[in-house]
Amino acid sequence: MTQEGYLSEAPAAATSGSLASERFAERMSAAQADGVVDTERVDLLAGKAIKALNDIIIEERVSYDEYNALKAWLIKVGEDGEWPLFLDVWLEHSVEEVATDHREGNKGSIEGPYYVEDSPEVPWNGTIVMREDEPGTPLKFTGQVRSTDGTPLQDARVELWHADSDGFYSQFAPGIPEWNLRSTWVVNANGEFEIHTIRPAPYQIPTDGACGQLIAAAGWHAWRPAHLHFKVHAPGHELLTAQLYFPGDEHNDDDIASAVKPELMLDPQPAENGKGETVHYDFVLDPEA
């Protein structure tokens with residue numbers, strides 16, 4: 001089957017945005033069911049954010065026309081369901097840096113808006129859930145999950161999700177099977193895994209909604225370099241969320257989400273059988289404090 005045979009229709013920003021908003025709301029409602037509001041912390045952070053915006057208004061002499069354009073745009077972000085996209089693209093990389101700057105193990109990266117929990121489990125050397133004759137370059141990804149002291153973590157699980165060869169994610173674009181290119185590997189007794197998947201494509205974030213309006217107005221581009229998303233879990237260790245990238249992508253240096261780090265760059269090599277590529281990358285997790 002040709003790549004064109006699987007080409008999906010690009011999802012409307014409002015469609016993918018509302019799906020991302022719904023999934024995020026579901027996760028947060030469960031996680032925050034018994035949450036307690038720290039009034040002093042909210043006062044500090046909200047006060048500083050509001051002051052920073054007011055300072056910009058005074059320093060840059062923002063006009064009523066500009067203010068009203070901003071108000072209309074903020075309303076449209078909500079109507080399009082694009083708050084998860086906006087926040088994950090332009091702010092999450094700083095939150096991730098603060099959250100993980102203490103770690104001695106692997107560097108992490110942003111989760112992004114397209115994560116879905118409970119992907120199907122496969123054996124330590126299994127193949128990701130994909131369509132028959134999934135288009136794209138075959139990719140074999142091997143590695144080991146260890147603690148910072150070098151101990152293999154035999155109870156680890158490695159979640160992987162990524163875009164297809166057209167740059168689309170299952171469950172966020174029409175015409176793609178539910179769990180396509182989403183799976184969880186259960187490592188072997190030595191903490192090792194061998195993932196069989198395809199190389200993802202770079203893609204543009206949706207540009208027909210509010211975020212696209214901002215990108216066009218500011219003269220930016222909307223591209224993300226090709227990447228693999230991972231979540232690596234092991235009992236007694238901090239969760240690692242990461243994106244791994246491929247050298248040579250023209251947007252590694254100007255990723256719209258500012259998520260690329262040198263430590264997250266892969267080194268793909270031609271497969272010995274001449275079919276596709278192989279890559280090796282180990283995950284080192286920090287013990288929980």
Side-chain angles (χ1 to χ4, degrees), residues 8-33 35 37 42 45-46 49 53 70-100 108-119 159-164 166-174 176 178-182 200-218 220-231 239-243 251 255-260:
S8 300
E9 179 185 355
T15 300
S16 60
S18 61
L19 285 169
S21 295
E22 289 172 11
R23 293 192 180 279
F24 181 76
E26 290 170 1
R27 290 169 60 192
M28 289 300 98
S29 63
Q32 298 177 342
V37 175
V42 173
L45 298 180
L53 290 172
L70 172 63
K71 187 189 296 187
W73 180 78
L74 290 171
I75 292 170
K76 183 170 175 55
V77 175
E79 292 175 341
D80 289 347
E82 287 200 322
W83 280 117
L85 180 65
F86 172 81
L87 294 168
D88 291 351
V89 167
W90 284 292
L91 295 181
E92 188 187 355
H93 65 94
S94 293
V95 179
E96 186 275 329
E97 182 177 344
V98 171
T100 62
S109 189
I110 64 174
E111 177 181 291
Y114 301 130
Y115 172 64
V116 181
E117 295 178 303
D118 301 323
S119 61
E159 291 184 78
L160 168 63
W161 71 101
H162 61 80
D164 64 13
D166 294 315
F168 299 134
Y169 286 84
S170 62
Q171 303 193 33
F172 293 90
I176 302 177
E178 181 180 16
W179 293 105
N180 201 62
L181 301 177
R182 297 177 183 272
Y203 61 86
Q204 295 188 79
I205 67 170
T207 58
D208 62 320
C211 289
Q213 286 183 334
L214 173 62
I215 289 169
W220 301 337
H221 72 75
W223 284 95
R224 295 228 56 217
H227 55 278
L228 302 167
H229 293 264
F230 287 94
K231 280 185 180 288
L239 170 67
L240 174 67
T241 300
Q243 296 182 19
H251 293 296
D255 172 23
I256 185 64
S258 302
V260 181

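This structure is a prediction, so every number in the text was calculated from the model and none was measured.
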Enquirer: Compare all side-chain heavy atoms of Gln243 with those of Arg224 and state whether any distance is below 4.5 angstrom.
Expert: yes
Enquirer: Is a side-chain donor or acceptor of Asp164 paired with a backbone partner of Asp166 at a separation under 3.5 angstrom?
Expert: yes
Enquirer: Applying side-chain contact (heavy atoms from CB on, under 4.5 Å), name anything that partners Leu239, two or more places apart in sequence or on another chain.
Expert: Lys231, His233, Thr241
Enquirer: May I ask you to check whether Tyr203 and His227 place their ring centers less than 6.0 Å from one another?
Expert: yes
Enquirer: Nearest 0.5 Å please: distance from the OG atom of Ser258 over to the CD atom of Glu97.
Expert: 11.0 Å
Enquirer: Using every non-hydrogen atom in the two residues, find where Ser109 and Ala259 come nearest and quote the distance to one decimal.
Expert: OG-O, 3.2 Å
Enquirer: Mind checking whether Tyr169 and Ile176 have side chains closer than 4.5 Å, heavy atoms only?
Expert: no
Enquirer: Working to the nearest 0.5 angstrom, can you tell me the gap between Asp208 CG and Gln213 CD?
Expert: 9.5 Å
Enquirer: Quick one: closest heavy-atom pair of Ala201 and Gly167, and the distance?
Expert: CB-N, 4.0 Å
Enquirer: State the CZ-CG distance between Phe168 and Asn180, to the nearest 0.5 angstrom.
Expert: 13.0 Å
Enquirer: On a heavy-atom basis, which atom in Ile110 and which in Asp88 lie closest, and how many Å separate them?
Expert: CD1-O, 3.6 Å
Enquirer: At their closest point, which heavy atom of Ala226 faces which heavy atom of Pro200, and how far apart are they?
Expert: CB-O, 3.5 Å
Enquirer: Heavy-atom count around Gln204 CD within 6.0 Å, excluding the residue itself: above 12?
Expert: yes
Enquirer: Check Trp179 against Ser170 and note the closest heavy-atom contact, atom names and distance.
Expert: C-OG, 4.0 Å
Enquirer: Applying side-chain contact (heavy atoms from CB on, under 4.5 Å), name anything that partners His251, two or more places apart in sequence or on another chain.
Expert: His221, Trp223, Pro225, Asp249, Asp254
Enquirer: Would you check if His229 and Glu111 make a side-chain contact, meaning some heavy-atom pair closer than 4.5 Å?
Expert: no
Enquirer: For Ser119, does its backbone N or O pair with a side-chain atom of Glu159 as donor and acceptor, under 3.5 Å?
Expert: no
Enquirer: Quick check: do Leu214 and Val77 have side-chain heavy atoms less than 4.5 Å from each other?
Expert: no
Enquirer: Please check this pair: side chain of Glu92 against backbone of Leu87, looking for a donor-acceptor N/O pair closer than 3.5 Å.
Expert: no
Enquirer: Between atom CG of Leu228 and atom NE2 of His162, what is the distance when rounded to the nearest 0.5 Å?
Expert: 5.5 Å
Enquirer: Aromatic contact between Trp73 and Phe86, with the criterion being ring centroids under 6.0 Å apart: yes or no?
Expert: yes
Enquirer: Using side-chain heavy atoms (C-beta onward) and a distance below 4.5 Å, is Leu85 in contact with Pro206?
Expert: yes
Enquirer: Does the Asp80 side chain pair with the main chain of Ala210, one donor and one acceptor, at a distance under 3.5 Å?
Expert: yes
